[in-house]
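The structure appears below as structure tokens.
A note on names: the letters A, B, ... follow the listed sequences, proteins ahead of strands, and every chain is numbered from 1. If you're wondering where the values come from, they're calculated on a predicted model, not measured in any experiment.
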Protein chains: 2
Amino acid sequence: MPRTSTKAAAPVRRVASDYRLEDQVGFLLRRAYQRASSNLVDRIGSYDLTAPQYATLARLYERGALSQNLLGRLVAMEPANIRDVVLRLKKRRLVATRRDATDKRLILIDLTTAGVALVEQLIPIEIECTATTLAPLKADQKQLLYELLGRLAEG
Amino acid sequence: MPRTSTKAAAPVRRVASDYRLEDQVGFLLRRAYQRASSNLVDRIGSYDLTAPQYATLARLYERGALSQNLLGRLVAMEPANIRDVVLRLKKRRLVATRRDATDKRLILIDLTTAGVALVEQLIPIEIECTATTLAPLKADQKQLLYELLGRLAEG
DNA sequence: GGCATATCGTTATGATCATAACGATAAACG
DNA sequence: CGTTTATCGTTATGATCATAACGATATGCC
């Protein structure tokens with residue numbers, strides 16, 4: 001087994017001052033999201049669903065039919081992105097689309113019967129997955145994390 | 001000005017039980033990362049750099065020359081992904097590559113003079129950006145967030 | 001030395017992402 | 001009523017991402 005090539009860390013030639021990449025929130029958030037996302041895919045990957053796709057289905061389950069644009073905002077996706085996600089879900093018959101009768105601009109998205117069934121199957125798994133992701137934290141820390149993240153996300 | 005199409009929220013037809021998408025850490029982390037990332041791009045976007053590209057440069061600045069693979073691990077990117085990032089940075093002459101003399105498998109990546117200069121210009125901006133992202137939090141909360149995120153990322 | 005195993009980098013595929021520009025439709029307003 | 005402005009969805013471009021499969025090289029151990 002070859003050892004991990006740490007390669008004797010070439011001498012740090014520059015004055016790195018006090019700066020460390022690990023101290024940048026963005027970097028930490030990205031890694032934490034990677035972890036959470038992979039936890040989810042590990043569990044629901046057999047359904048061939050990604051985290052954003054699941055979020056989309058879950059939101060439709062909560063809210064019922066929504067315009068594509070509003071749906072996108074409710075899952076934090078740009079119009080161009082939610083479009084692609086909806087197309088994939090539609091191709092798999094998990095959602096259906098129809099034109100809004102009064103506002104011809106809108107495309108209404110809704111879960112199909114199969115979509116509803118799938119979401120109801122997935123929700124317990126997702127809750128379990130969240131627990132796994134949060135496992136390194138104590139109960140009161142979890143609560144705290146939610147509050148802090150909420151503030152960051154809202155700005 | 002047309003009102004935001006909330007569309008009178010079609011009646012929630014399913015039993016949503018206690019489930020809410022907002023209660024899933026992954027979703028919160030994704031949104032928080034979106035915020036942090038856009039904060040960074042707002043500030044360094046004029047340099048045509050993305051957050052992952054910046055992270056890559058910053059890591060090289062901290063550590064000096066690294067193999068492409070190790071560099072990838074140190075910025076939390078898969079081999080296939082760090083490859084593309086390095087290619088883009090190389091195209092812009094911010095990094096240079098060379099073969100390792102003793103281990104023919106390795107490609108050593110290092111900052112160019114231009115790369116070093118750019119990083120040193122960007123570091124203060126990035127620190128400022130982190131402060132902006134964390135602005136909604138009090139001092140003690142920031143410290144706490146780091147600890148919690150660190151635990152999540154490490155698993 | 002020679003074989004099994006591990007690591008490195010590449011390639012290919014498919015899904016996110018953000019951004020800008022665009023036509024179509026709707027609402028606001030004089 | 002007609003003009004201006006806003007919103008919706010699309011298209012295009014480019015950058016992340018994860019995953020699997022692959023050849024090349026290095027290391028482990030016999």
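For A/K90, the side chain to side chain donor-acceptor pair (under 3.5 Å) partners are A/T97, not counting sequence neighbours. By the salt bridge (charged side-chain N to carboxylate O under 4.0 Å, His left out) test, B/R92 is found to be paired with no residue, residues two or more places apart in sequence or in another chain being considered. With sequence neighbours left out, A/A153 forms a side chain to side chain contact (heavy atoms under 4.5 Å, CB included) with B/R31. With sequence neighbours excluded, no residue forms a salt bridge (charged side-chain N to carboxylate O under 4.0 Å, His left out) with A/E78. Residues satisfying the side chain to side chain donor-acceptor pair (under 3.5 Å) test with B/Q24, not counting sequence neighbours, are A/T130.
B/D100 places its CG atom 15 Å from the C1' atom of D/dA24, with the value rounded to the nearest Å. Spacing between atom NZ of B/K104 and atom C1' of D/dG23 amounts to 15 Å, rounded to whole angstrom units. Residue B/D103 contributes atom CG, which lies 10 Å from atom C1' of D/dT27 at whole-angstrom precision.
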request  = At under 4.0 Å between heavy atoms, which parts of nucleotides 9-19 of chain D does protein reach? Answer with one letter per nucleotide, 5' to 3': B base, S sugar-phosphate only, - none.
outcome  = SBBB--SBBBB
